[in-house]
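Each chain gets a letter, A, B and so on, in the order the sequences are listed, and its residues count up from 1.
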Amino acid sequence: MIGFLRRILLIDIFKGLALTLRYTYSKVYTEQYPREKVKLAERYRGAPRLNNDPETGETLCISCDLCAEACPEDLIVVSSVRDPESRKKVLTEYTFDTSRCLFCGLCQEVCPTNAIELTQDFELATYDRKSMLWNRARLEKGWDRIEGHKVYHK
Amino acid sequence: MDEPTILDAQELEINMGPQHPATHGVLRVKLKLDGERVLDADCVIGYLHRGVEKISENRTYTKCLPYYDRTDYIAAVSNALGYVLGVEKLMEIEVPERAVTVRIMMTEFNRIASHLLWLATHALDIGALTVFLYCFREREEILKLFENLFGARLTTHAFRIGGLWMDLPPGFEEAARKFIDEFPARVDEYEQLLTNNRIWIDRTKGIGVISGEEAIDYGLSGPPLRGSGVPYDLRRSRPYGGYDQYEFDVPVGLNGDTYDRYLIRMEEMRQSRRIIQQTLDRLPGGPIRGKVPRIIKPPVGEYYSGIEGPRGELGYYIVSDGSAFPFRVRIRPPTFINLQALKRLVKGHLVADVIAIIGTLDVVLGEIDR
Ligand code: SF4
Ligand code: SF4
């Protein structure tokens, strides 16, 4: 009998409607993404950056090639020459192919000097494949500071 | 006699998918219809094949791990757990207690996230849009936790062989506690919208019925198996990774229909929450990574590591030939095997129910095709 009444009077449907009605007047949860910049976690693995020493401005990379070894996709190429005086390796070029990157973070995990780092920038879309191959200059600048990349949020 | 036309046709063969939104990816189902009624169904898969198993043969044990995130992309944390447990067993690596606890906590969070996504899309397919939005709100909270701990939301690369990548970030425990405190009320809300809803009951009760014996014969696992009344949960039947120390119930269904499988998943979310509560209460201190050799070279041997993923038994069969590269990693994807039952389940139902049945099997095509 009770079941029948519930069915006739659509009690359960109205219960559901009451819930949705309550939400109509509650706080909006959605983030307005392109207008508001999303705040990402500190550990987020996004666009790569090759860090410079903040004091001297020299690159932190010691050309040890560990990142290239650790990368599952073999997409990092580190080129270096040996300085004849100090016998140290000097970085000449560093390329990073963002189109093939898994953003797994293994490269930054092995880097002994924290030179290669995956940053919080994630808007990596470009119009052609060529510009997904990042060279040293671009990596050192970092994605957020590259001129000409579209600004989505003011 | 006139030429036969389409109007005379007794049987009609149509394609559902691969670009059909309700097939949850790129599944193509060839349906043989008599009017609205389904006579037969054939699945065509492989549109998303990337050869993850083959790729693993050419990567070291450490480098394989990110690829498994991309098989079942909705339960990436579970995928990682199955594989790392296997490699650790092969190499006899001791994992510190803290890492073990965090692993269980995160896999359970992942189970909730995965079930939420399932509920959202399943309800959406059947026609309940509101639940979709509510579920995504809760799932977003879990993804934020993932982002804070693992550094990514979906392809988490969650665990490392021997432990974790980094320790819990500051504020993580509070955020996790806040989530699990609020969560039961949320599940009640979903149930308020669906469980007694006439439309929902009519669309799911008695749809896709499979008996327990038959489910075992088909090799089903996870909620589709438990929905038919078989209490088989690997966390209980063959505990792995420290699950034997936690208290939880394994819900089972009675009728083996879509409605029962829905109820089971709802209850599983509550049980997962219970496990998370226990992990948070006991979370021990200490290191997060065990003693792992620099180069991971398991001794010659093979090991099958099976875990209870959100969709069923997820297994990694790892064969080592003693080198730094796995000789073979065979993945036993739960949904690949659950999907076989589709042909059996849809027979005699209407086309609209096919959607409900695909939904209730909770298929993820990234995992089926690998
Ligand atoms: S994030 Fe992973 S795939 Fe990308 S460069 Fe680093 S190691 Fe390679
Ligand atoms: S691991 Fe670090 S220091 Fe070594 S080559 Fe790569 S970026 Fe440079």
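Nearest heavy atoms, B:Lys63 versus A:Leu106: CA-CD1, 4.3 Å. Contact record, A:Glu109 with B:Arg160: OE2-NH2, 2.6 Å, taken as the closest heavy-atom pair.
The NE2 atom of B:His157 lies 9.0 Å from the CG atom of A:Leu102; values are rounded to the nearest 0.5 Å. Atom CZ of A:Arg45 and atom CZ of B:Arg153 lie 13.0 Å apart (nearest 0.5 Å).
With respect to chain A, the highest number of heavy-atom pairs below 4.5 Å among B:Ala152, B:Pro169, B:Cys64 belongs to B:Pro169. For the options B:Trp200, B:Tyr134, B:Phe150, heavy-atom pairs under 4.5 Å to chain A are most numerous at B:Tyr134.
For B:Lys144, the NZ atom sits in a packed shell: over 12 heavy atoms of surrounding residues, nucleotides or ligands are nearer than 6.0 Å.
Looking at B:Glu141, both its backbone and its side chain come within 4.5 Å of chain A, counting heavy atoms on both sides. At a 4.5 Å heavy-atom cutoff, the contact between B:Thr156 and chain A is made by backbone atoms alone. Residue B:Leu149 touches chain A through both its backbone and its side chain, counting heavy-atom pairs closer than 4.5 Å. Neither the backbone nor the side chain of A:Leu118 comes within less than 4.5 Å of any heavy atom in chain B.
In this structure, A:Thr30 and B:Arg137 have side chains that are not in contact, with every pair of non-hydrogen atoms separated by 4.5 Å or more.
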